Structures are given as C-alpha cells and as structure tokens.
Chemist: 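Structure provided below as structure tokens; questions to follow.
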Amino acid sequence: MATTEHPPPSRLRSWMLEGLSDMGKGGGHVGPHAEPEPPHRGQPWYRVMCLTGVDYFSTLGYQPGIAALAAGLLSPVATIVLVLVTLAGALPVYRRVAEESPHGEGSIAMLERLLSFWQGKLFVLTLLGFAATDFLITITLSAADASTHLVENPHLTGTLHNQQMLITLVLVALLGAVFLKGFLEAVGVAVALVGVYLALNVVVVVVGLWHVLTAGHVVADWSSALTAEHGNVFAMVGVALLVFPKLALGLSGFETGVAVMPHVKGDPGDTEERPTGRIRDTKKLLTTAALIMSVFLIATSFITTLLIPEKDFESGGPANGRALAYLAHEYLGGAFGTVYDVSTIAILWFAGASAMAGLLNLMPRYLPRYGMAPHWARAVRPMVIVFTLIGFLVTWIFDADVDAQGGAYATGVLVLISSAAIAVTIAARKAGQRGWTIGFAVISAVFLYVTVANVIERPDGVKIGACFIAGIILVSLLSRLARAFELRVTSVHLDDMAERFIRDIASRKIRFIANEPDQRDQAEYREKIEQIRADNDIPGEDFVFVEVTVLDPSEFEASLTVRGEVLHGRYRVLTLESSSIPNALAALLLHVRDLTGCTPHMYFEWTEGSPFHHFLRFFLFGQGEVAPVTREVLREAEPDRARRPRVHTG
C-alpha cells in the first residue's frame, strides 16, 4: 500500500513499541505462554501442564481457607461437590474446547466464529470484560495472598505488620517490570515452581492426615458437630450445593490450560490444520491437572477443617488466606514453614505472571483487529503498563484483601467456563452429536446456575466485570471512531481478468466509476456512464466500473480480492467484497497506482441526505456518503498530494 515518510521515532518509543510490526500476525500471539513453539521444539505435555499449574495449583494457597469460611465444618463435603463438578463438568467442556480450538484461542474464539456482525463483536467484548476480570483479579489476589504469607510468617510478622498493601503493590509492580524487560523460559520456571510446591504440599498433607488419624477424637468431634449442625446426609449435600458458588475459585486454570496448547509438542505428523497429537496430549494435560488438583482439594479441605480452629480462618486470624502454611508451621516447624511460605509466594507470584501473559495473549488478539484499540495495543510493553496500573487500582479498591476479591475472581472464572460450556454445546449440536449436545446443555445449565447464584450472593464480582466491560466498550468505540478513516485493507489481490483490465486502461487514462450494483442490466451501466460524462464534462466511454459488496461491516481489517468480468459484451466491471465501501475503493486506487505508476481517477455521484446520517451509516454499516470518505481515507494514507489518486464527484 502507500508508503509514507515519517521522522525516526525516539529511542523510548522504539523500545516501547518493539515487535509491534510482528503483532497481530496469526492471531497476535504474545506473552510467555502464547507464542507457539516451533514443531520440533515443542514441550512434552506434562511439562507444559506446569504452565497451567502455576494458575491452577497455586489456588491451594488460599482455597482451603476460603472453603472453610464459606462452608465451615461442611468444607470437605462442599469440596467433594466442587471436585465432582470439575471432573464431570469443566473437564469434559475444556477437552472439547481443546479439540475445537487447537491453536490456543479458547472458547471466546469459538463463540466469535458462531456469531457475526455487531452483536457478535459486542458479545466478544463482554466476554473480554469478564476475562479481564478473571486475569486481573488473579494478578491482584495472588499478590495479596503472597503478601499474606510473607506478613504472617512468624519470623517477619513483627517487622511487616500492617504493610500488606505496600507489599502487594510492590509485587504487582515487580511483575510489570519483569514483563517490560521480557519474559523467557516460562516453561522451565513453571516446572521447577510446580514441582517444588506440590512436593511440599504432599508433605503437609501426609503429616496432616497422620495427625488426624493418630488423634482419633478429631474425626469423631468433627462428625458429631457436623451431624448436630446439619442433621443428615441429604441436608449436608443440600447446603454444600448452596455454598458451592463460593468455592468456584477451585475451577480456575482451565482457560489457561487451553491457552498453553501451542507449546505442546504433539506428534511428528501434526500439521497446523490437523494437530491430532497436540489435541490428544492437551487432553491428557487437562485431565492430569484436574485429577491432581481434585486429590489435593479434598485432602487439604479435610485436614484444614479438622486441624485448624474455626476462628483462625476469619479475617485477621493466623490461618486466613494461608491455611496450609499455618499447618506447615504448626506441625513441621519454623524452618519447613518458612520454606513452604517462600514456595507459596513464588508460585502465587508466577500465577500472576501467567495471568498477565493471558491478558497479553487475549486483548491484542481481538481489539486491534476489530479496530477497537490503537495500534500500540498490539505491542507488549504499553499493555503491560496499562494492566499494571489497573492492578494497582484494583489492589487499592479491595485493600489487598484476599477474601474480598474472591467474589470478583469467581465471577470471571464462572462466566468464562459458562461461555465455554455454551460454545461446546452449540458445536456439538452443529456436528449432529445429540448425546453430547444434551450432556453439554446440562453442564451449561449447571454453570449458569452457579454463575447467577454467585452474582446474587456476591455482586461485587459482576460490578467489577461490568466496569471492565463498560471501559472496554467505551474505549473500543472511541478508538474505532478515531480510526474511522484509516486504511484497513491489509493486502489487495487481482485475478487475471481484473489485472488485464487495469493493464489495458493504464496505457491511456485510468478512469473508474464507483457503482452501487442494482439490477446490473445493460440500461444501468449505460445510464451511469451518461450521468458521469454529463456531471464531469468528460468525453468517451473508456471506463471500468467498480462495485463493492459489503459483507460484515463490523470487521475492521481484511484482505481484498478483486475480480474482473465483462457484462453485456461491453462493460468492464471489477467486483470487490469488503466491510467498508470507501476503504475498499481507496485500497484499490492505491494498489492500481503502485502497480501501474499512473494516477488513477475515480468518479462518484453525490448521495442525497444528511451528512451526519451518512457518516453513521459508514461507521456502523460500511456505506453512506462514499465519495468524501474515500477521499479522506486516501488523504490519511497518502500525505503527498501529487501522488494521491484523484476523486471526482459530480
């Protein structure tokens, strides 16, 4: 397309926008777990699982305490319900997502393919708002819990008392600084962190179970108290179902599990179109992670409920937000407890890194392509600064409190899982799989119930999500408005007939007539030529008609294919399909200029009506007052007036 001279950018600007020209290609992969590995350098699935694990397994740092606060003595029973929903609901859904979306796009991309036009874009923007809630709260909640483990460590509590807010902000800032520098070798770091963390948790669980079994009265006391409080098993299960939405944090990590798919090695015969081995191994990854987490969730909820006094789980208590660390210090001593704290802090911090990578993978994949973000949104470093500042704001709003952020986190997780369940239900129905359709529909209903119940119980989550959604939609529409006259066509391809027309007319004078196709009969083209000749006072009939059909006006960037045909034995017509008539015409004119070295001319007729009304038609539907908008797009794309194609309006 047109080339324009610009002054060299400053060193700071170059550093901030480094890699911008490479973004957006192939979906805009960025971040430590988004860029796909070359096929010969992929990682075995069990190593890649650790990238999911830093998000998924790290919730053990706070999940048992949150479960105890939500369900009390019923925490182990409620956790068993959570595990059943995980294995029978979330796991089958995301195994299907991996099959339908093998390049890491996830459930949002599945729904995007099923929907089009503006309603599809607005739906995706809404899901992006909840995804932003999920990932950003992961960053702030993980940092807050890491600071809790630091502040409550017996060796540091006297020094760091009441400094949790400051420590959390420092951890969020440190995370942003690492991403500004660059984030490499994510898989190796994740494997080390997850391996150490799970090994330490095995020790804590084994020791905890030993104390439960050797102190026989503990189980008896818990069983008696549970029976006295809830009466019978059916009442317990009923209450467990009611409190289940509060435990939904234990479902986090599945969306990340799909996002890491490009790293999975797969089979030597895998292709980008049919990565059979990658899909199979990703299913192993998701299943293994879910089984490991299920075992830990049940075991940890059991030992923490039986061994920790209920009052210690409450806000300000020594087990609040760090139940397993409390047991590590209590039963294994200060040295082991401190090692456990360090490991927990490290994996929680890295969970924030995984969430930041998810944001950097997700937002540039959609917003710039929709025209709903400035160009710099495709670069990593500016987005890191934006997300870090938002992380500061969220931390301040929630006062770095783990429990206070649980509702917002659960809302983001549940909305994403519900959207994934709906997406796979639709996919199964389109594939004619009646049994899977019914099964996934039931799972969708369960997750929708849990989501609604969570929103009713803790509306702060949907409020935060609504703020992100409103912010994304507002910024998106303003950005789209600011970029309305930007040349959106990424490439132009002429078929043989179209190229023949242009080569022929270039030997004389290149004159195009923009025509809105109607009946496409002989009279339409004859009358159009007569009108253009009369309006512009030019002789002859040496014209080529150009007709653009608008497909999806909500799309922003796309390639352009130009086809040539001869109608009624005499009229040469170029046909184009695009999301915007003015953009398609401007791109064609610039391409013809570059191809022939001649200045093309295009002739229009004025459109009657209000200019403002026609601008709205252009903005929303890609049509409207075509002539002046085409000229404005050309002016933006080619500042040199002498080289700019000519637009004539009679």
Side-chain angles (χ1 to χ4, degrees), residues 23-24 27-31 33-34 55 94 97 101 103-140 252 254-256 258-259 354-380 382-384 386-391 393-394 408-423 447 451 455 461-480 483 552 554-557:
M23 296 297 153
H29 294 290
V30 292
H33 63 47
D55 181 9
Y94 277 93
V97 171
S101 178
H103 304 297
E105 304 98 325
S107 57
I108 295 179
M110 290 178 62
L111 290 169
E112 183 193 30
R113 290 195 295 268
L114 297 170
L115 299 168
S116 60
F117 298 98
W118 283 107
Q119 64 266 32
K121 300 294 183 295
L122 291 174
F123 184 72
V124 169
L125 291 177
T126 300
L127 289 181
L128 287 177
F130 283 111
T133 304
D134 179 7
F135 287 127
L136 277 165
I137 298 295
T138 298
I139 293 171
T140 58
S252 69
F254 281 101
E255 199 74 26
T256 312
V258 175
S354 181
M356 179 71 83
L359 284 168
L360 296 173
N361 181 37
L362 200 61
M363 297 302 176
R365 188 189 293 276
Y366 295 98
L367 297 184
R369 180 162 56 85
Y370 290 176
M372 293 180 169
H375 282 297
W376 55 258
R378 282 193 171 113
V380 170
M383 296 303 290
V384 168
V386 170
F387 294 141
T388 301
L389 292 176
I390 296 175
L393 178 63
V394 171
Y409 188 18
T411 300
V413 170
L414 288 170
V415 168
L416 289 181
I417 294 180
S418 299
S419 69
I422 293 169
F447 282 121
T451 303
V455 168
V462 79
K463 290 176 183 176
I464 293 292
C467 290
F468 281 123
I469 293 166
I472 287 174
I473 291 178
L474 178 62
V475 171
S476 297
L477 292 178
L478 290 176
S479 175
R480 180 103 179 198
R483 299 177 65 185
D552 183 353
S554 64
E555 288 293 332
F556 193 77
E557 295 180 349

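Everything numeric in this text was worked out from a predicted model, so none of it was measured.
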Chemist: Could you grab the distance from atom CG of L416 to atom OG1 of T451, nearest 0.5 Å is fine?
Modeler: 9.5 Å
Chemist: Might you work through the side chain to side chain contact (heavy atoms under 4.5 Å, CB included) test for T411 and T133, ending with a clear yes or no?
Modeler: CA-CA 8 Å; T411 300; T133 304; 5.6 Å; no
Chemist: How many angstroms lie between atom CD1 of I390 and atom SG of C467, to the nearest 0.5 angstrom?
Modeler: 11.0 Å
Chemist: Could you tell me the separation between the CZ atom of F387 and the CD1 atom of I139, rounded to the nearest 0.5 Å?
Modeler: 8.0 Å
Chemist: Indicate yes or no for a side-chain donor-acceptor contact from S101 to the backbone of V97 under 3.5 Å, with no hydrogens or angles considered.
Modeler: no
Chemist: For a side chain to side chain contact (heavy atoms under 4.5 Å, CB included) check, start with the C-alpha distance between Y94 and I417, then their side-chain angles and the critical distance, and finish with the verdict.
Modeler: CA-CA 8 Å; Y94 277 93; I417 294 180; 3.9 Å; yes
Chemist: Given the rule in the side chain to side chain contact (heavy atoms under 4.5 Å, CB included) test, do T388 and M356 qualify, once you have shown the distances and angles that lead to the verdict?
Modeler: CA-CA 9 Å; T388 301; M356 179 71 83; 3.9 Å; yes
Chemist: Could you report the tightest heavy-atom contact between D55 and T138, atom names first, then the distance?
Modeler: OD1-CG2, 4.0 Å
Chemist: Over all heavy atoms of both residues, which pair between G391 and T140 is shortest? Give the atoms and the distance, please.
Modeler: O-CG2, 3.4 Å
